[in-house]
Engineer: 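I have a structure here, written as structure tokens, and I will follow up with some questions on it.
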2 protein chains.
Amino acid sequence: MPDPAVVLIEDEPQIRRFLRATMTREGYRLFEATTGAAGLVEVGSRQPDVVIVDLGLPDMDGLAVIRRLREWTDVPVIVLSARGQERDKVTALDAGADDYVSKPFGAGELLARIRVALRHTAGASHAADEATFKVGALQVDLLHRRVFVGDQEVRFTPIEYKLLTTLVQHAGRVVTHQQLLREVWGPTHTDQAHYVRVYMGHLRHKLEAEPARPRYLLTEPGVGYRLAVE
Amino acid sequence: MPDPAVVLIEDEPQIRRFLRATMTREGYRLFEATTGAAGLVEVGSRQPDVVIVDLGLPDMDGLAVIRRLREWTDVPVIVLSARGQERDKVTALDAGADDYVSKPFGAGELLARIRVALRHTAGASHAADEATFKVGALQVDLLHRRVFVGDQEVRFTPIEYKLLTTLVQHAGRVVTHQQLLREVWGPTHTDQAHYVRVYMGHLRHKLEAEPARPRYLLTEPGVGYRLAVE
DNA sequence: TCGGATTTTTACGAGATTTTTACGGCCGGC
DNA sequence: GCCGGCCGTAAAAATCTCGTAAAAATCCGA
């Protein structure tokens with residue numbers, strides 16, 4: 001493996017300088033971003049092996065950054081935070097973070113936790129996924145939250161988009177009604193199976209040339225739905 | 001997934017009691033060991049989804065436990081420790097631990113970190129699950145829930161598919177009517193033996209070249225059915 | 001607060017699936 | 001040979017699922 005790449009999303013110059021020094025000394029390639037928005041772009045373009053994100057960012061909540069990342073990548077995310085409250089930790093970890101380090105932290109500990117994260121991805125091959133999914137004329141840009149059919153952009157409501165990305169993450173495999181309800185509407189709505197039918201109708205209406213004969217959004221009768229792959 | 005299994009290696013009765021209460025309440029199956037040696041045995045026999053190990057054990061160093069575990073398993077290990085020194089954390093993490101929680105800790109944080117560990121293994125098994133059953137021209141792709149005869153895809157209703165996969169899971173062995181009814185229709189229908197005959201007919205009609213002379217779905221008269229292997 | 005967008009509910013017909021029923025053949029025991 | 005149980009097949013009946021439309025409730029930004 002070449003030197004591991006790390007994206008650091010952090011606004012405090014002091015901490016950035018400190019980490020830049022340690023990380024480069026340890027042989028990491030470090031890419032920095034000072035806002036959440038810039039960080040998301042950086043992760044998309046650099047495809048790093050680890051992301052370190054501060055919870056207190058100027059433009060958007062660090063939690064939102066984690067959730068946006070998790071829409072399209074499984075890259076390990078380590079949270080830095082000035083707040084050491086248990087509630088903050090639980091929220092961040094459940095939002096998709098892999099580790100949580102409270103400030104002030106020691107360089108040694110952070111580096112050790114980065115090594116743990118790298119060990120994890122060494123086993124799993126798909127550390128850095130592709131950020132756009134394509135099949136036929138359909139194109140889903142998970143990084144920028146944009147969807148195209150041919151060169152025509154299609155707009156979606158939040159639930160429609162979440163439903164689509166859930167299918168994208170399991171593209172080619174069947175996703176059960178239960179799974180979709182849990183992922184999109186939360187674990188409390190797993191009995192409202194008709195929600196899925198209604199919204200799958202919306203998606204087909206917007207994406208398919210012939211909504212009644214879907215090419216991408218396939219029904220698996222009695223089980224759930226499947227997004228076609230090439 | 002059934003309830004996740006956790007092995008706890010910890011000598012302090014107070015902490016054991018505390019964790020026993022919280023973990024069972026959260027729906028985990030907890031197995032306890034009070035010494036490192038017993039812990040290693042417990043992990044070997046229970047094959048848990050997560051291991052929690054205290055660094056200060058009476059018989060052997062917690063670090064040694066971690067190293068011994070890493071000789072043969074990648075199961076996530078979360079370290080509990082009274083010592084919060086950075087040096088201890090680095091040593092434990094580099095020895096193979098996946099996470100390090102200092103005492104005193106909150107139940108919420110530990111549970112959240114356990115969920116992170118479970119997420120990791122869920123993703124890993126996912127990728128490794130390249131399970132497809134083959135015999136002759138028949139091909140059952142369990143991961144994608146697709147079945148082929150030759151290169152022709154065959155579609156199945158939920159019950160048909162469940163019946164087929166039940167046979168696949170015991171391929172080469174006889175599966176009794178009772179067993180099939182219990183697995184497919186649930187324990188309340190074990191007296192409707194003709195269901196199996198009707199549906200076995202469907203399967204043969206869809207899979208066999210000559211349904212009357214089955215090559216894959218064999219009848220074991222008076223007992224049940226058997227799926228042929230090479 | 002208003003108006004539009006979005007989500008949640010409700011209803012229903014077409015079609016697929018499951019369940020039930022019926023019947024004919026086969027085989028071993030009597 | 002006759003009978004009863006087991007097996008396979010077919011088809012009718014009951015039930016459930018899916019897609020669709022549209023009304024009602026809710027949310028959200030101006």
Side-chain angles (χ1 to χ4, degrees), chain A residues 145 147 154-167 174-227, chain B residues 145 147 154-167 174-227:
Chain A
R145 276 181 176 256
V147 180
V154 185
R155 302 194 47 80
F156 289 100
T157 71
I159 286 199
E160 288 170 0
Y161 184 77
K162 180 78 173 133
L163 180 60
L164 178 60
T165 54
T166 304
L167 287 168
V174 182
V175 189
T176 66
H177 301 121
Q178 297 294 316
Q179 239 172 312
L180 289 171
L181 286 165
R182 188 153 21 82
E183 298 269 336
V184 179
W185 280 271
T188 55
H189 294 69
T190 48
D191 49 344
Q192 328 271 81
H194 51 279
Y195 284 15
V196 181
R197 278 195 287 277
V198 171
Y199 274 84
M200 197 62 58
H202 294 178
L203 289 187
R204 281 181 175 149
H205 192 71
K206 292 185 175 183
L207 294 178
E208 300 277 4
E210 297 179 77
R213 298 170 157 277
R215 181 176 162 203
Y216 310 122
L217 301 165
L218 310 176
T219 301
E220 294 286 338
V223 188
Y225 295 87
R226 183 160 54 88
L227 179 58
Chain B
R145 197 189 184 278
V147 180
V154 186
R155 308 195 49 84
F156 289 98
T157 71
I159 287 198
E160 289 169 359
Y161 185 77
K162 182 82 171 113
L163 180 59
L164 177 60
T165 54
T166 304
L167 288 168
V174 186
V175 188
T176 66
H177 301 121
Q178 296 297 317
Q179 235 172 317
L180 289 172
L181 285 164
R182 187 153 22 83
E183 298 268 336
V184 178
W185 280 269
T188 56
H189 294 69
T190 48
D191 49 345
Q192 328 271 77
H194 53 280
Y195 283 15
V196 181
R197 278 196 288 278
V198 171
Y199 274 85
M200 199 61 60
H202 292 179
L203 289 187
R204 283 179 174 149
H205 191 71
K206 291 186 175 183
L207 293 178
E208 300 277 4
E210 297 179 79
R213 297 170 163 275
R215 182 178 160 199
Y216 309 122
L217 301 165
L218 310 176
T219 302
E220 294 286 340
V223 189
Y225 295 87
R226 182 163 56 87
L227 179 59

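Here is how names work: the chains are called A, B, and so on, in the same order as the sequence lines, proteins then strands, and each is numbered from 1. No experiment lies behind these values; they were computed from the predicted model shown.
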Engineer: For the pair made of CG in B/L181 and P in C/dT19, what is the distance, rounded to whole Å?
Structural biologist: 11 Å
Engineer: Under 4.5 Å between any side-chain heavy atoms of B/V147 and B/Y161, yes or no?
Structural biologist: yes
Engineer: Check whether any side-chain heavy atom of B/L180 sits under 4.5 Å from a side-chain heavy atom of B/L167, and report yes or no.
Structural biologist: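 B/L180 vs B/L167: side chains touch.
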Engineer: Base, sugar-phosphate or nothing for A/E160? Non-hydrogen atoms, less than 4.0 Å.
Structural biologist: nothing
Engineer: Pairs under 3.5 angstrom, nitrogen or oxygen only, protein versus nucleotides 8-17 of chain D, please.
Structural biologist:
{"residue": "D/dG8", "atom": "OP1", "partner": "B/R204", "partner atom": "NH1", "Å": "2.9"}
{"residue": "D/dG8", "atom": "OP1", "partner": "B/T219", "partner atom": "OG1", "Å": "2.5"}
{"residue": "D/dG8", "atom": "OP2", "partner": "B/Y225", "partner atom": "OH", "Å": "2.5"}

Engineer: Given atom CD of A/E208 and atom P of D/dC18, what is their separation to the nearest angstrom?
Structural biologist: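 Between P of D/dC18 and CD of A/E208: 17 Å.
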Engineer: Verify the contact: side-chain N or O of B/T157 to OP1 or OP2 of C/dT18, cut-off strictly under 4.0 Å; return yes or no.
Structural biologist: yes
Engineer: Say you draw a straight line from OG1 of B/T165 to CD of B/E183; how long is it, rounded to the nearest 0.5 Å?
Structural biologist: 8.5 Å
Engineer: Begin with the C-alpha distance, continue with both residues' side-chain angles, and end with the deciding distance and a verdict on side-chain contact (heavy atoms from CB on, under 4.5 Å) for B/L207 and B/F156.
Structural biologist: CA-CA 10 Å; B/L207 293 178; B/F156 289 98; 3.6 Å; yes
Engineer: If I take atom CG in residue A/L203 and atom C1' in nucleotide C/dT6, what distance separates them, rounded to the nearest angstrom?
Structural biologist: 14 Å
Engineer: Counting N and O atoms only, with roles assigned by atom type, does the side chain of A/E208 sit under 3.5 Å from a partner on the main chain of A/R215, one being a donor and the other an acceptor?
Structural biologist: yes
Engineer: Using whole Å, what does the distance between atom C1' of nucleotide D/dC7 and atom OH of B/Y195 come to?
Structural biologist: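 Roughly 18 Å, once rounded to whole Å.
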Engineer: Could you check how far CZ of A/F156 sits from P of C/dT7, rounded to whole Å?
Structural biologist: 12 Å
Engineer: Using whole Å, report how far CD of A/E220 lies from C1' of D/dC18.
Structural biologist: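 Between C1' of D/dC18 and CD of A/E220: 14 Å.
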Engineer: Closer than 4.0 Å, any side-chain N/O of A/Q192 to the OP1 or OP2 of C/dT7?
Structural biologist: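 No, no such contact exists.
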Engineer: Roughly, in whole Å, what's the span from OH in A/Y199 to C1' in C/dA5?
Structural biologist: 10 Å
Engineer: For residues 186-204 of chain B, run the donor-acceptor check on the side chains, cut-off 3.5 Å, and write out each pair with its distance to 0.1 Å, sequence neighbours left out.
Structural biologist:
{"residue": "B/H189", "atom": "ND1", "partner": "B/W185", "partner atom": "O", "Å": "3.3"}
{"residue": "B/Q192", "atom": "NE2", "partner": "B/Y195", "partner atom": "OH", "Å": "3.1"}
{"residue": "B/H202", "atom": "ND1", "partner": "B/E160", "partner atom": "OE2", "Å": "3.4"}
{"residue": "B/R204", "atom": "NE", "partner": "B/L217", "partner atom": "O", "Å": "3.0"}
{"residue": "B/R204", "atom": "NH2", "partner": "B/L217", "partner atom": "O", "Å": "2.7"}
{"residue": "B/R204", "atom": "NH2", "partner": "B/T219", "partner atom": "OG1", "Å": "2.7"}

Engineer: To the nearest angstrom, how far is B/K162 atom NZ from C/dT19 atom P?
Structural biologist: 14 Å
Engineer: For a quick test of reading the model: is some side-chain N or O of A/W185 closer than 4.0 Å to OP1 or OP2 of C/dT7?
Structural biologist: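 For C/dT7, OP1/OP2 do not have a side-chain N/O of A/W185 under 4.0 Å.
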Engineer: Taking all heavy atoms of B/R155 and all of A/P221, pick out the closest pair and write down the distance.
Structural biologist: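 The pair with the smallest heavy-atom distance is NH2-CD, 3.4 Å.
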